[in-house]
Amino acid sequence: GAGVSQSPSNKVTEKGKDVELRCDPISGHTALYWYRQSLGQGLEFLIYFQGNSAPDKSGLPSDRFSAERTGGSVSTLTIQRTQQEDSAVYLCASSLFGQDEPQHFGDGTRLSIL
Amino acid sequence: GQQVMQIPQYQHVQEGEDFTTYCNSSTTLSNIQWYKQRPGGHPVFLIQLVKSGEVKKQKRLTFQFGEAKKNSSLHITATQTTDVGTYFCAPTGTASKLTFGTGTRLQVTL
């Protein structure tokens, strides 16, 4: 079946603008994760949604970052008033039930802030 | 969250040589997963280890979980150019806070 889909694949925007990144998880997966990966670096956890539970937002770096997941499916990560240090690849993953399940990653959105 | 360090950060081997990456934690882990990320790609799940002292094999890859569940290793026998990429460990479980290891980048040349 279809894997995790992320859009856009690339986004270039000016400093100070808001951006929205979209993630379509695998159908039936109840857990959804957002990560950030800077060039040549590891994965930085941002936020975790599990079913109807309150999301784990402990990884969000500032209040400019927010995410929502509507209807337990599609998720949107929003970055307000973007800064140059926000430039990175934003990866979304989903898993069937939770953290003890394999995570399936999308291809990511490469965000460049000019 | 649980901090996991991976060593080495980078390794360059000749094709046919063996390779090992180690994942070390200061605290006891519940479970641990391993992922591979090819250059320009996204992480792909390889395996999950659950039991103390567990050893699992996938063709040329051998995964181990330490007896104390504080460390894990991935060993590749007779590397091939297709093994190129970054290997990440990731502790899982309710206390893990979804922290991936720092990763080991493997370069294989002919």
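Letters go in sequence order (proteins before strands), and every chain restarts at 1. Quantities reported herein were computed from a predicted structural model and do not represent experimental measurements.
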Inset, instruction - Check whether B:Gln37 gets within reach of chain A through its side chain, its backbone, both or neither, counting any heavy atom under 4.5 Å. - result: side chain
Inset, instruction - Name the region of A:Glu101, side chain, backbone, both or neither, that has any atom closer than 4.5 Å to a heavy atom of chain B. - result: backbone
Legend entry - Residue selection (most heavy-atom pairs with chain A, distance under 4.5 Å) from B:Gln33, B:Gln6, B:His42, B:Gln48: B:His42
Inset, instruction - Give the ring-plane orientation class for A:Tyr35 versus A:Phe45, where under 30° counts as parallel, over 60° as perpendicular and anything between as tilted. - result: perpendicular
Legend entry - Carboxylate-amine/guanidinium proximity below 4.0 Å for A:Arg64 and A:Asp18: no
Inset, instruction - Please check if atom CG in A:Leu114 has more than 12 non-hydrogen atoms from other residues, nucleotides or ligands closer than 6.0 Å. - result: yes
Inset, instruction - Assess whether atom CZ of A:Phe65 is packed by more than 12 heavy atoms of other residues, nucleotides or ligands within 6.0 Å. - result: yes
